[in-house]
Amino acid sequence: MFRFIARRAAAGLGLAFAVVTGMFFFLHLTGTDPARGALGLYATEAQVETRRQQLGLDRPVVEQYLDWLGHALRGDLGMSSAQSTPVIDLLVTRLPVTVSLALGAIVVAATVGVLLGLVAAIKPGRIDRLLQVVMVLGFALPNFWVAIILAIVFAVNLGWFPATGYIHIVDSPGGWLLSITLPVVALAIGSIAAIAQQLRNSVIDVYSQDYIRTLRSRGLPSRNILLTHVLRNAAPPALTMLSLQFIAAMSGAAIIERVFGLQGIGSVAINASGNSDIQVIMGVLLFTVGLVVVVNLAVDVAYGALNPKVRNA
């Protein structure tokens, strides 16, 4: 198991290195100019050129990359060219918001999605058809539209939740829960549908296998068959979908943060893109890729625990 985890971790680190390296050179090839982004459209060419020299943008791209990579490996992500603030400080202050939304959405999606998927699989007929309609609607509705409707109904009209703003959990656990409830629900809708649909199909497929019919013929209780044999074999595809939805939640959080006025990593990335702030863009990318690697590694470990054959793959 240790060698399996080591192989997966090495593959994840290699992927992260390739993505980060490719993005760094891509940003420079597209003509992104942090100096112009920091000074604005009305700055003179002389001012922009002076700023480029201050930021070290007049050096060869390879030299800039090696310098950035060396500092990043030491935990220094550089300074924001637009805000003159350490990138690591920008990320750390906004990190709790995005992580709260993404983790909350995945917990809600996993809980509700698993329940809906199981019910749809073991209750064929009207219940299954009704849940299929619900799942299709979950796929079809854009999360930003759901967020706007939730804000209008439950925040503006009913006043049950705050319409904007974020409260840190250390300041008020209850206020924190209220501030993230609507964003989490809006972010989780599509994931609930995806997880439920995947688990439903997997459970139905496992139930059709010969060994399940053999277990039934031997008189094993249906509950034991479901919990011990069906779920164990139907879980891997659902775990894959869960990891994909977590990644989708991280990217979708940027839009949800805008709707509810939350200052998270997504807002940092959007502002950095508008200002051509390469250091911040690279910091956000490095954080996101690292999180994706950790999530995929956790899913691989779960795979290995559920199916020992995967460890030798």
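Keep in mind it's a predicted model, so treat the numbers as computed, not measured.
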- Message: Strictly distance-based, threshold 3.5 Å: is any side-chain N or O of Thr21 a donor or acceptor partner for the main-chain N or O of Ala18?
- Response: no
- Task: Determine the minimum heavy-atom distance between Gly283 and Val87, stating which atoms define it.
- Result: CA-CG1, 4.2 Å
- Task: Report the distance from atom CG of Leu69 to atom CE of Met282, rounding to the nearest 0.5 Å.
- Result: 9.0 Å
- Message: Does Phe161 form a side-chain contact (heavy atoms from CB on, under 4.5 Å) with Val153? I'd like the steps, not just the answer.
- Response: CA-CA 10 Å; Phe161 303 94; Val153 175; over 6 Å; no
- Any chance you could lay out the side-chain contact (heavy atoms from CB on, under 4.5 Å) test for Tyr166 and Trp176, step after step, and finish with the verdict? CA-CA 7 Å; Tyr166 175 81; Trp176 169 79; 3.2 Å; yes
- Message: With clusters defined by side-chain heavy atoms of hydrophobic residues (ILVMFWY) lying less than 4.5 Å apart, directly or transitively, does Val112 cluster with Val107?
- Response: no
- If you look at every heavy atom in Ile195 and Val114, which pair is closest and at what distance? CG2-N, 4.4 Å
- Task: Fit a plane to each ring of Trp160 and Phe154, take the angle between them on a 0 to 90° scale, and name the class: parallel (under 30°), tilted (30 to 60°) or perpendicular (over 60°).
- Result: tilted
- Go through Ile278 and Trp68 one step at a time and tell me if the side-chain contact (heavy atoms from CB on, under 4.5 Å) criterion holds. CA-CA 11 Å; Ile278 290 180; Trp68 176 85; over 6 Å; no
- Query: Of Val97, Val280, Ile281, Leu95, which meets side-chain contact (heavy atoms from CB on, under 4.5 Å) against Val268?
  - Reply: Val280
- Identify the two heavy atoms, one from Ser191 and one from Ala109, that lie closest to each other, and give their separation to 0.1 Å. CB-CB, 3.5 Å
- Item | Min side-chain heavy-atom separation Leu116-Ile192 under 4.5 Å | yes
- Query: Is there a donor-acceptor pair closer than 3.5 Å between any side-chain N or O of Thr98 and the backbone N or O of Ile265?
  - Reply: yes
- If Ile, Leu, Val, Met, Phe, Trp and Tyr residues are connected whenever their side-chain heavy atoms lie under 4.5 Å apart, and connections chain through other members, are Phe260 and Trp145 in the same group? yes
- Could you tell me whether a side-chain N or O of Asp67 sits under 3.5 Å from a main-chain N or O of Glu63, the two making a donor and an acceptor? no
- Smallest heavy-atom separation, Arg94 atom then Gln263 atom, equals CD-O, 3.1 Å
- Query: When rounded to the nearest 0.5 angstrom, what is the spacing between CG in Leu199 and CG in Leu118?
  - Reply: 5.0 Å
- Heavy-atom closest pair, residues Leu77 and Ala72: CD2-CB, 4.0 Å
- Is there a path from Val108 to Val146 through hydrophobic residues (I, L, V, M, F, W, Y) whose side chains come within less than 4.5 Å of each other? yes
- Task: Mind checking the OG1-NE2 spacing from Thr93 to His168? Nearest 0.5 Å is all I need.
- Result: 8.0 Å
- Query: Of the non-hydrogen atoms in Leu182 and Ala151, which two are nearest, and what is the gap between them?
  - Reply: CD1-CA, 4.3 Å
- Task: Can you measure from CD1 (Ile106) to CG (Leu103) and round to the nearest 0.5 angstrom?
- Result: 8.5 Å
- Show your reasoning for whether side-chain contact (heavy atoms from CB on, under 4.5 Å) applies to Ile88 and Asp76. CA-CA 7 Å; Ile88 192 69; Asp76 179 12; over 6 Å; no
- With the 4.5 Å side-chain cut-off for hydrophobic clustering, are Ile204 and Val206 part of the same group? no
- Message: Can you tell me how far apart CD (Glu257) and CG (Leu187) are? Round to the nearest 0.5 Å.
- Response: 9.0 Å
- Answer whether the closest heavy-atom distance between the side chains of Val62 and Phe25 falls below 4.5 Å. yes
- Query: Between Arg258 and Phe144, is any pair of side-chain heavy atoms under 4.5 Å apart?
  - Reply: no
- State, yes or no, whether a side-chain contact exists between Phe246 and Leu291 at a heavy-atom distance under 4.5 Å. yes
- Task: Could you grab the distance from atom CD1 of Ile167 to atom OG of Ser100, nearest 0.5 Å is fine?
- Result: 12.0 Å
- Give a yes or no on whether Leu13 and Phe287 share a hydrophobic cluster (residues Ile, Leu, Val, Met, Phe, Trp, Tyr; joining criterion: side-chain heavy atoms under 4.5 Å apart). no
